[in-house]
Amino acid sequence: MRFPGRVWLRAAAADLAIGVLAAVGQAPLNLWPLALAGFGLVLWRVAAAATSREAFLRGWRSGTGYFAAFLSWIVQPFFVEPEIYGWMAPFALVALAGGLGLFWAAAGWLARRLRGGPVALALALSAAELLRGHVLTGFPWALPGHLWLSTPLVQVASLTGAYGLTALTLLSLAVPLAAGWRGLIVPALVLAGTGGWSWHRLSLPEPAPRAALVRIVQPDIPQSLKWDRATAEANLDTLLRLTALPGAPDLTIWPETAVPYLIAPGEAIPAAISAAAGGRAIVVGYQRDAGAQAWNSLALIGPGGTIGPNYDKNHLVPFGEYIPAGDLVWRWTGIGAFASQAGAGYVAGSGRQAMDLGPLLGRAAPLICYESIFPEEVATAPRADWILLVTNDAWFGTLTGPYQHFDLARLRAIEQGLPVLRAANTGISAVIDARGRIAPAADGRPARLGMGVRGVIDAGLPGALTAPPYARIGDLPLAVLLLAGLAAFALRARGRRSA
């Protein structure tokens, strides 16, 4: 005798398991062959559902397993102050994974309604992932196309971007499922084309570097001590000591919210920072305030402690840096955003802008932490010469989150053809060239500091490439193609119903 509950549990466990399998292709595991098998199983199983409801459930369960495994680091911020936030950790992971899984569920439901099999599902899932990057401020972390970041084939992102890589991956898996062995011609052609383009791009001459020496400071301050008043002076002394190490860099970069005090032009702390840098340019992450409002900012500190120009973070982390109706929640509960040290949360900046650092250093496109996961956040007009990224990955723990976040910085370099200078509080700091590779430091070693390392990177500033196609056209052509493909399946399904 069969028990329906047991059958349902086995089905749910299978869907969750293949979702987890699809997640192992991402950093730090980078087991992309297993991830491809996982995505193939997701497409096969969801497309085989007998009803739209079952396709919805299979998609949701697979997506929930995928996002729960991929984004397990999301519990880490809740344990920085466990006495306040610790109880939220399991609920946050379940809610985030289940919520994001709804995008996969909707794709499964739509594909089944269109009766388009694995190919329609691949189109719908690609469209769902594109929407996931934009709906409710967006969250394009954990895209299926990210699994190629550990391979040379990721260079294709200069043509397609991450969303395009996702569509190529899913369609290459779906066509053989729909057409049998004859359909293998599609992934073979995609592999040949992407491999050829990647080889071509990596074989091109390196662009001329700028005649500048930069220093990236990684202080390795645990998040639990970062805003501790008892350790604030020691934390600042660590940053000043690292900045003042021998050498004469043209630019020094500190991580996100590195300065543990509020500062103003001409005060002792900006003057001390400038003195440690020998009066040369230094960009620091700090909290800027004006009365009841505060911003997560970075600024150029000049000789004597002058401050400016500055950039205010534009794309804030929901619940991390601001809370919807945050002032009300703050007054009622006293609970504010994790990262903000000013009441309920930070205020968003006024928009994208490049920082002009003079003829030697050129124009930098500033990004603060979370902003680097969004392809569209990099673009500035006119085009920048390089990307300046400051972050505090101590929030993400040490197991998976920082490695995934670092890979996304590499992806932005490939998409834009611009080098990235990444300064992280606890790691990973690096100089990334315009093709997403670690550049050499001044001493010839890779310009990279790993997790939990205190030190500096002294390196040259790599040159920029000519803007690749993706940097010029973005995701609009992909969106049009996905909609056209789904519309074609919709017309075919309508014709079948009317026949």
Side-chain angles (χ1 to χ4, degrees), residues 27 140-141 146 149-150 154-155 157-158 161-162 201-202 206-210 212-218 249-256 283 285 298 300 311 313-315 352-355 357 361-380 383-393 396 402-425 427-442 446-451 456-468 470-471:
W141 198 307
H146 291 163
L149 273 158
S150 61
V154 73
Q155 296 299 321
S158 62
R201 194 165 191 262
L202 291 172
E206 292 299 310
R210 302 187 74 88
L213 179 68
V214 295
R215 170 171 290 174
I216 296 173
V217 175
Q218 181 168 298
D250 300 292
L251 174 68
T252 299
I253 304 171
W254 285 11
E256 177 188 17
V283 171
L298 57 83
L300 178 69
Y311 167 73
K313 188 174 184 180
N314 182 59
H315 203 139
R352 299 297 311 146
Q353 57 184 345
M355 297 179 68
L357 301 178
L361 295 164
R363 292 170 52 85
L367 295 173
I368 300 179
C369 191
Y370 182 67
E371 292 179 316
S372 66
I373 76 172
F374 297 91
E376 66 275 11
E377 289 292 339
V378 183
T380 60
R383 176 174 158 86
D385 300 303
W386 53 284
I387 299 169
L388 169 60
L389 170 56
V390 299
T391 187
N392 176 24
D393 286 4
F396 302 148
Y403 299 96
Q404 295 168 9
H405 199 208
F406 176 72
D407 266 359
L408 294 179
R410 293 178 47 238
L411 187 55
R412 301 291 86 85
I414 295 166
E415 291 169 342
Q416 297 296 322
L418 295 176
V420 176
L421 271 61
R422 187 179 198 264
N425 173 32
I428 304 165
S429 298
V431 177
I432 303 167
D433 73 14
R435 294 185 177 96
R437 301 167 299 188
I438 306 300
R448 181 183 187 276
L449 289 175
M451 293 296 300
V456 302
I457 299 170
D458 287 344
L461 180 50
L465 297 168
T466 301
Y470 180 76

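Heavy-atom basis, side chains included; hydrogens, waters and symmetry copies ignored. Residues: numbered from 1 along the sequence shown.
The main-chain N or O of Ser372 is found under 3.5 Å from a side-chain atom of Arg412 such that the two form a donor-acceptor pair. The backbone N or O of Gly450 sits less than 3.5 Å from a side-chain atom of Gln218, completing a donor-acceptor pair. A donor-acceptor pair under 3.5 Å links the side-chain atoms of Arg383 to the main chain of Gln416, judged by distance alone. Judged by distance alone, the side chain of His146 and the main-chain N or O of Ala27 form no donor-acceptor pair under 3.5 Å.
Salt-bridge check for Asp458 with Arg215: passed, with a basic side-chain N closer than 4.0 Å to an acidic carboxylate O. Between Arg422 and Asp393, at least one side-chain N (NZ, or NE/NH1/NH2) sits under 4.0 Å from a carboxylate O, which counts as a salt bridge.
With a 4.5 Å cut-off on side-chain heavy atoms, Pro255 and Asn392 do not count as touching. Two residues are said to be in side-chain contact when any heavy atoms from C-beta on lie closer than 4.5 Å; Pro462 and Glu206 fail this criterion. Considering only heavy atoms from C-beta on, Leu202 comes within 4.5 Å of Arg437 through its side chain. Counting only heavy atoms from C-beta outward, the side chains of Ile428 and Tyr403 approach each other to under 4.5 Å. Using a 4.5 Å cut-off on side-chain heavy atoms (C-beta onward), Leu388 and Leu298 make contact. Ser429 is not listed as a side-chain neighbour of Arg448, based on a closest heavy-atom distance of 4.5 Å or more. When side chains are defined from C-beta on, Pro468 does not count as touching Arg435, because their heavy atoms never get closer than 4.5 Å. Tyr470 is not listed as a side-chain neighbour of Ile414, based on a closest heavy-atom distance of 4.5 Å or more.
For the pair Val420 and Ala409, the tightest heavy-atom approach, listed with the atom from each and the gap, is CG2-O, 3.8 Å. What you find for Ala384 and Thr380 is that their closest heavy atoms are N-OG1, 3.5 Å. The two residues Val431 and Gly460 come nearest to each other via the heavy atoms CG1-O, 4.0 Å. Minimum heavy-atom separation, Gly463 to Pro419: O-CD, 3.6 Å. Between Ala157 and Leu411, the closest heavy-atom pair is CB-CD1, 3.6 Å. Scanning all heavy atoms of the two residues, the minimum distance from Cys369 to Thr391 falls at SG-OG1, 3.2 Å.
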Exercise. Is there a side-chain contact (heavy atoms from CB on, under 4.5 Å) between Val214 and Trp386 once you walk through the steps?
Worked result: CA-CA 13 Å; Val214 295; Trp386 53 284; 5.8 Å; no
Exercise. Given the rule in the side-chain contact (heavy atoms from CB on, under 4.5 Å) test, do Arg352 and Leu367 qualify, once you have shown the distances and angles that lead to the verdict?
Worked result: CA-CA 9 Å; Arg352 299 297 311 146; Leu367 295 173; 3.8 Å; yes
For this session: Would you please test Arg410 and Leu149 for side-chain contact (heavy atoms from CB on, under 4.5 Å) and show each step?
Result: CA-CA 8 Å; Arg410 293 178 47 238; Leu149 273 158; 3.9 Å; yes
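Annotation: the span from Tyr370 atom OH to Glu377 atom CD amounts to 9.5 Å, rounded to 0.5 Å. With rounding to the nearest 0.5 angstrom, the CG atom of Leu461 is 8.5 Å from the CG atom of Leu251. Atom CG of residue Leu361 and atom CE of residue Met355 lie 10.5 Å apart, to the nearest 0.5 angstrom. Note that OH of Tyr311 is 6.0 Å distant from CD1 of Ile368, once rounded to the nearest 0.5 Å. Distance CG/Leu418 to CD1/Ile387: 5.0 Å, rounded to 0.5 Å. Here the CD atom belonging to Glu371 is positioned 10.5 Å from the CD atom belonging to Glu376, to the nearest 0.5 angstrom.
Ring orientation note: the planes of Phe374 and His315 are close to parallel, at an angle under 30° on the 30°/60° scale. Ring orientation note: the planes of Phe396 and Trp141 are nearly perpendicular, at an angle over 60° on the 30°/60° scale.
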